[in-house]
Every structure is written in C-alpha cells, then in structure tokens.
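In what follows, a single structure is set out as structure tokens and then discussed.
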Number of protein chains: 2
Amino acid sequence: MNLEPSTRESVAEMLRTRGITPTHQRIEIALVLLEKRWHPSADQILAAVNVRCAETSKATVYNTLKLFLDKGLVRELIVDPNKVFYDSNTSVHHHFYDVVSGEITDIAAAGVRVDGLPPLPAGMVPAGIDIIVRTRPGL
Amino acid sequence: MNLEPSTRESVAEMLRTRGITPTHQRIEIALVLLEKRWHPSADQILAAVNVRCAETSKATVYNTLKLFLDKGLVRELIVDPNKVFYDSNTSVHHHFYDVVSGEITDIAAAGVRVDGLPPLPAGMVPAGIDIIVRTRPGL
DNA sequence: TTGGAACCTGGACTTTGTCTAATTGGATTT
DNA sequence: AAATCCAATTAGACAAAGTCCAGGTTCCAA
C-alpha cells in the first residue's frame, strides 16, 4: 500500500478494493503502518494503535498483519528471529539494518540501487525475496 | 569451516587455530555441523549430538553456536523467525528455501550465480549478508 | 593439593507469536 | 424493531525458541 495523505475513509476504500472488510481495527492498523516512513514491529504497532484510541488486542494485530501480508499490503522484514518488522512500502527495495540503533532504513533512501537478483529453478516462484544487510559501525 | 573427512582430531586442530578451546562438546557440535551437506537448526544439532553419544545441554549448543558465529565458523540462515538454520559453509553463497519440504539448498548447488550485491554506506561494514529466496511450488 | 578460570549443566524464565472458546458488531431478514 | 447470522474480535492460556543464572566440573598451573 502506498497512498499519501491517508484518511480513515481512503484507507477503508483501499482495503475494500483488495477484498478486505474494512473494520475499525484494520483501518487503525493500516493508518499506523502508513503514518510515517517507519518499519514497526508487531509490538510497536499494537502500542501505537492503542495510544491513538482504539482498544485492539494482540491477536487482532497478528491476524491483521497476516491478512495484510497475504493480500500483499505489507512486507515482513526479518532481521533476526526476534526482530521482525513490517513495511507498508511493498515496491521492490532493500534495507540496511543498523545493529547499534536497531533501526531500519531503505537502501533506496541511502542512494543505492540493486541489480542482478538470481533466477529461480523451474517450477518455483518467489513467495518473498529480501536482502537485509546487517551493519555495525566502523570495523 | 570447510574441511573434508573430519576426524575428532582434525576438528580440534581447526578450532585451536581459530582460538577456540576444543572441548569435547564443541568438537561434537562441529562434527555434527560438518558430517553432511545439511543446514540443521539448533534443535536438530542438539538431537544429533546427543544421539552420537555425548550428553550436551541446550545452553551449551546455543553458547557454542554463538561462539562459532562470532569466530566466523558458521553462518546463520534466518528463513523465518521460527526457522533458523546453521551452515558450516561460510563461503559467499545463497539459498533456496522450499516452503513445502522445509528444506534449504544452496543456490550454487542449483547452478546459479549471484552478482550485484549493494555497496554499503561509508563507515559501515557488513555483519552478515544473505539472500533467502522463499519458494512455493507451481504458481 | 590447592586455586582459579573456563566451561558445562538443569531448570527457571522471557519473549514472541499462536490457539481457542466466548463475545461482539453490524448487516440482513422477518 | 426483533431475530438471526457470521465474520471479526477478545482475553488469556498456551507453545516454541532462546536466554539467564547459580552451582558443579574439569583442567591446568603453581
């Protein structure tokens, strides 16, 4: 998903076009994902949604993220087994992960392009592709 | 690590050259990692070590894997937050993950080469780079 | 033989995510 | 409006993977 000044109504519309019933909770979660250029974890999303106003349960956040994943609305960034983030920018791009700050930034945002991803064996299609370059400062 | 017909003694030797005290448990774990072309999980390693003979605790397996990681003896393959595997082949190569069988195979083994990995921003060095292409059969 | 350092251990604990049974909300029917 | 229905949501119990810790071994050196 990649729309700009998102209102509750524009988000509801987008969900409908993807075949997702736009419930209150789903709209709030989508708004949180879109509200700034960030890569929140499930935990951060839960916290952000509940700060806004809406009471939303952990189960719903996980259900909704899985739904959005299935429908291609978000991408899952697995930096480490216990560091999983969600990216509402689903266009093909890659990420730097800063070991020190724990933050993720788009490689595109750092002015870098990537080419030459490998072809797949016959009969297989990608279910997900990503490069995460884990970095640490200095040597 | 990449030696061929590994004996307990040749493994001990290799560990020593890397500055690792070759304890009984570490040798057993290294042997398990080297014994065939596979990509075991921590659990599988624990099971395999304890089948062989040696009683080894979960904590030791995790400690040892972390140590081997630090020393560059193994690579960690994170397919999914709950699917983490270890690869004793530390040369630069990439992997296919088969969603159906749950197995990992080297991309090199499938006759594919990868070029064009992205440069890093100034002041950063990679702590780990990998591409995992998750696949599912057919369309 | 004693002391100390590195290593190993079992088990409790934490974290992240999943499951389930009960409840809610809201659209549709009567 | 009342009744009905079903997808969506919920709280909280549960599971899996990994971490932590306090005590126990092993081994080497003095």
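First the proteins, then the strands, lettered A, B, ... as listed; each starts at 1.
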Which nucleotide sits closest to the side chain of [X]: [options]?
X: A:V84; options: C:dG17, D:dT10, C:dT16; result: C:dG17
X: A:T23; options: D:dA8, D:dA11, C:dC7; result: D:dA8
X: B:T21; options: C:dC7, D:dC20, D:dA17; result: C:dC7

Euclidean distance, atom [atom1] of residue [X] to atom [atom2] of [N] [Å, nearest integer]:
X: B:N63; N: C:dG10; atom1: CG; atom2: P; result: 13 Å
X: B:L65; N: C:dC8; atom1: CG; atom2: P; result: 12 Å
X: B:E55; N: D:dG24; atom1: CD; atom2: C1'; result: 16 Å
X: B:R26; N: D:dT26; atom1: CZ; atom2: P; result: 16 Å
X: B:L15; N: C:dA6; atom1: CG; atom2: P; result: 18 Å
X: A:F68; N: D:dA8; atom1: CZ; atom2: C1'; result: 13 Å
X: A:K66; N: D:dA8; atom1: NZ; atom2: C1'; result: 15 Å
X: A:Y62; N: C:dT18; atom1: OH; atom2: P; result: 7 Å

One should read off an interatomic distance between A:L34 CG and A:L73 CG, to the nearest 0.5 angstrom, of 9.0 Å
Judged by nearest nucleotide, the residue sitting upstream toward the 5' end of DNA chain C, B:N82 or B:K58, is B:K58
Sorted by position of nearest nucleotide on DNA chain C, 5' first, the leading residue of A:A42 and B:I20 is B:I20
[X] near the nucleic acid: base, sugar-phosphate alone, or nothing, with a heavy-atom cut-off under 4.0 Å?
X: A:K83; value: nothing
X: B:S41; value: nothing
X: A:T60; value: base

Review point. Can you check whether A:L67 reaches A:N63 side chain to side chain, under 4.5 Å on heavy atoms?
Key: no
Fill in: Within one Ile-Leu-Val-Met-Phe-Trp-Tyr cluster: B:Y62 and B:L31, side-chain cutoff 4.5 Å
no
When you check the gap from the basic side-chain N to the acidic O, do B:E76 and B:K83 get nearer than 4.0 Å? no
A:Q25 side chain N/O closer than 4.0 Å to the phosphate oxygens (OP1, OP2) of C:dG25? no
So does A:T56 get a backbone contact from the side chain of A:T60, meaning a donor-acceptor N/O pair under 3.5 Å? no
